[in-house]
Amino acid sequence: MRRAGWLALGVFVVTVPWLLSAAVPRQQRYILHVLIFTAIFAALALSYDLVVGHVGSLSLAHPAFFGIGAYTAAILATRAEWPFLAGVLGAVIAAALVAAMVGVPLFRLAEHAFAVGTLGLALVTSVVANNWVEVTRGPLCVTGIPKPRLGPLAITTLPAFYWLALAALVAVALFYRGLTTFRLGRAFHAVRDNEPLAGAAGVDPLKYRLLAFTLAAAIAGGIGALYAHYLSVMCPEEMTVSLTVNLLVIVFLGGVGSLRGVLLGAVLFTALPEVLRLAPTWRLVIYGGLLLLVVIRSPGGLESLLRRTAGAR
Amino acid sequence: MRLALTLATLLLMALSAGAQAPPIRIGFASAMSGPAAITGEGVKWGATLAIEEINAKGGVGGRKLEAYFADNKAQPGEAVSAVRKLADVDQVDVIIGQTHSGACLGAMPVVKEIGLPMVIEACSHPKIREMSGKGGNEWTFRVALDDEIMAYTFARYMARQGVKSASILAMNNDFGRGAAIAYDAGFKKANVKLLSTEFFDPGQPDYRPVLTRLKRANPETILAVILASDGAPFMRQFRELGLTQKVFSRGSLGTAEFLYQVRDNPKIGDGVVEASYWITGLDPEWDKKWTERYKVPPRIHGSLSAITLKWAVVPAIEIALKKTGKADRQSIRAALEEVDVKDSPLGPIKFDDHHQAWINMILIEVRDGELKILEKVPTSPALLN
Amino acid sequence: MGAISGPPCDPDLILDIFEQLLHGVTLGAMYAMVAAGLALMLGVARLINFAHGEFFMLGAYAFWFGYSELGLPYPLAALLAPAVMVLFGIAYQRTVIRAILPRSWHVQLIATLATSIVMTNLAIIVFGTQPKEVPTALSSRVLDVGGFRMVWQRLLVLAASLLIFWGLNRFVARTRTGRAMRAMSQNREACAVVGVDVQRTAMITFALSAALAAAAAALVSPLFNIFPDMGTTLTLKAFAAVVAGGFGYVNGAIAASFLIGLTEALAGSYVSYAYKDAIAFLIMIAVLLWRPQGLFGRRIGI
């Protein structure tokens, strides 16, 4: 896109809550809330796409890293009274460490076993979060997580949080872009598309998968920290296996392996249900049905649909 | 000429439509999906029935009520979304909810920020009482009793029955964990020895391992913090193993719903004593209407929502309309502080400085497929000493 | 903590341990029936079916419908469940499976996960959230042997499951279809060449897998209860068993399932009841760390 195009997009995205609330007045706070969630889930989905889309490893462990990051930040902020950015850093490091540790044995497994192994990790961390009450307070949740402070700046209002979440999303998107282009991106794709050939060409699949897995976990941990500070409570239910389902829907509906696709998927997935106002159970039926259709008929998701229409013209 | 007539008719119609006072919007938030969805289902049924009842009588002060529902999935994060949706999108004037303690705690700061009164029908965390009211969160009110109030009273009752030792079996969620903490303190105060505490995941139906653990700990009694849908398999397996402890419960074992689940052999529930604040029979008219409409016995959370609506929120709306002519958020909030209902099915509803209503506690015994009220205990802050 | 007192050979302790063992074996039998079907599909058709637990759930509701709503006697209702699920399995195979079978296992996993979500939530809409209880004569009568008590239904679960496993092994070893299944699990391409009806064998395997899950449901439902979410944890544990037993090796999955059931019962009773559900995965992780190709090593075929 040309520079003017990027500028216009930037201005739009920064002001979209006010544009939307002009159309539906009195709903501004709700719109901001939905958009904050959208930005957070978009960033999380991008980190997930690094593993699923770019190295082709179907990991089901992402909720574990999100949760580890969220709880680390929550506990550091409430019990140790660490400042916000330090807590986020702690969250990122904790998640990355766990990923690196479990990644080594996990990636030795055959593909199916890897998927189930990551599922096991997600389940075990969820059970630990729910029962290790001395640390996480279990179902009673970690409460009173303070609002973020960036030096002298206190993020206490919804618009301020929206811009913070947006900034985080932009940072993640840039990082994602950087990781998936240039030589590193080509190495990832080589491992994904033809592992034996990649190995023969000197690209160690294990090393690159582990790298993508750890980086993705680090981002997920950071996003988890942001989420915990937004809600000011962190509970075990926020990191259950069903979060994986949401991420799969976003990534596959939007377009696995594509920045634009995943962003689109996140917007659709978070914003659309609010517009449609369906009963929650029916909503899940529709997600499941959509995911099924998309994964069978159009595995490239919306992104491939968009590309096709653009190409057809 | 015809154009003028049409315009005049349209104008008249518009005017008369505006002349009808707008309906008052009531929001209901509970767990409409996820593992706790059964509570939200009950709330939806109860709210629908109650609002129909009220509107059939002409509404409140001539204004009809409209119900809006939101899903908090029993989680604080979703509770925030639910409150914002009800407040901003549905423009409700008052919320009744959130049924689950975690969701209540998550919602409380948001209703304060928005300035929307919330009347809590079932959350049992003691912190809610501490944080609400004058000098705290002035927008939250609670009709239900919390676990601290009930634990002290129930533990003292158990001690009066001669109980010397107990074990707790509680749901592994905010309700169960909170109750376990409260009863730990309550047992200490009542000089009942707490031998062990076990937690189970709601929905998992294999109680055999924990029943053998309980057998080994050998308490005189078991305090089960459990809902009816889990309580049925639990009591079946309790009988299967031949355990003889007396079961005291806090949840919904002493309910028609539980009896319905064990209707093949009602003796399964015999002897269970439950501490609660609601039972079928407090409002027989309501029970009948529910059973006719929904074909199952009345459910606790739905009935609590309905009672909260009819005996706390509606009187507040009446007061607000009388005083200010309006039923908006501020006037309903102020009016709630003046509500003084002596004879609701739950007992007196009057909010103290912590916006807590001191309703009656009921001790219920399950026997021969029926529920019997053993004691009705009026509550007051003095019970906490 | 009020632990059992007395010398090591205390009869109470022996009885207690025996009780946990028997309970663990019964649990294991339930897991094994579900895991066997999963392993079968993996071995024969290379299909990952994340909706397998929902076959169990739907089988349970089919049983409930026959037993509670239609009033059929227990044996008939218990046979109705697998019969219904065979038909459902065939329909599912013709629609969803046929579309995803030639695709990568990523697609299979996500597609079957999606159908699992659809089925669970449709079950909530159709049957409601309140669990259904289906007590039977055998699940209400208690067998009391010297202080050790269990309802007769648990014995039935054990006996029936052993019979089913024996029958399954005979079927796979002796019948033509069984041989075709084994052949397909060993070398699918060669099968088509040799004249094995690959499509038909796959369909029969799928129907058999669904029937196994439904049979387990009909046996176990009277002991517990029936609710729409009941298949989710079961799918996860079945996968844990299949992976630990060696992907696609049916008897391995069965053995791993019994191991999981026993450990759950013993650890749940003696160690920690709260962490009980994580046990299956901890076992699987431990096995994979020790022997990445599963307990029984890399095997060809089911």
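Everything numeric in this text was worked out from a predicted model, so none of it was measured. Convention: sequence-line order gives letters A, B, ...; per-chain numbering from 1. What you see below is based on every heavy atom in this structure, not just the backbone, and it leaves out hydrogens, waters and symmetry mates.
For the residue pair Arg208(B) / Gln20(C), no side-chain donor-acceptor distance below 3.5 Å is found, with atom types taken as modelled. Tyr31(C) and Glu264(C) share a side-chain donor-acceptor pair at under 3.5 Å. One side chain, His100(B) or Thr39(B), offers a donor N or O that lies under 3.5 Å from an acceptor on the other. Of the N and O atoms on the side chains of Ser276(B) and Arg250(B), not one donor lies less than 3.5 Å from an acceptor on the other residue. Between the side chains of His23(C) and Asp206(B), a donor-acceptor pair is found at a separation under 3.5 Å. Of the N and O atoms on the side chains of Tyr273(C) and Asp201(B), not one donor lies less than 3.5 Å from an acceptor on the other residue.
In this structure, the portions of Val151(C) lying under 4.5 Å from any heavy atom of chain B include both its backbone and its side chain. Gln261(B) touches chain C through backbone and side chain together, each having a heavy atom under 4.5 Å away. Contacts between Ser272(C) and chain B at a heavy-atom distance below 4.5 Å involve the backbone alone (N, CA, C, O). With a threshold of 4.5 angstrom between heavy atoms, Arg263(B) does not approach chain C through any atom at all. Proximity to chain B (any heavy atom under 4.5 Å) is restricted, for Val271(C), to the backbone atoms N, CA, C and O. Contact annotation for Glu240(B): both backbone and side-chain heavy atoms come within less than 4.5 Å of a heavy atom of chain C. Contact annotation for Phe148(C): only side-chain heavy atoms (C-beta onward) come within less than 4.5 Å of a heavy atom of chain B. Contact of Asn265(B) with chain C is not made at all, since no heavy-atom distance falls under 4.5 Å. Neither the backbone nor the side chain of Leu143(C) comes within contact range of chain B; no heavy atom of the residue lies under 4.5 Å from a heavy atom of that chain.
A salt bridge is defined here as a Lys NZ or Arg NE, NH1 or NH2 lying under 4.0 Å from an Asp or Glu carboxylate O, and Glu220(B) with Lys193(B) fails to meet this definition. In this structure, Arg149(C) does not pair ionically with Glu19(C), as no charged nitrogen and carboxylate oxygen lie closer than 4.0 Å. Ion pairing between a basic and an acidic side chain is recognised when a charged N comes within 4.0 Å of a carboxylate O; Arg213(B) and Asp16(C) show no such pairing.
Of all residues in residues 176-185 of chain B, none places a non-hydrogen atom less than 4.5 angstrom from a non-hydrogen atom of chain C.
When each of Ala274(C), Gly24(C), Pro131(C) is checked for heavy-atom pairs under 4.5 Å with chain B, Pro131(C) comes out on top. Highest contact tally toward chain C, considering only Val296(B), Val210(B), Val262(B), Asp264(B), is held by Val210(B) [criterion: heavy-atom pairs under 4.5 Å]. Interface remark: of the candidates Asp229(C), Asn121(C), Asn225(C), Asp144(C), Asn225(C) forms the most heavy-atom pairs closer than 4.5 Å to chain B.
Considering Thr26(C), Leu162(C), Leu138(C) in turn, Thr26(C) is the only one that fulfils the side-chain contact (heavy atoms from CB on, under 4.5 Å) rule with Val157(C).
Between Tyr294(B) and Trp290(B), the ring planes are perpendicular. Angles over 60° get that label, and only those under 30° would be called parallel.
Contact detail for Phe281(C) and Leu236(C): the closest heavy-atom pair is CZ-O, 3.4 Å.
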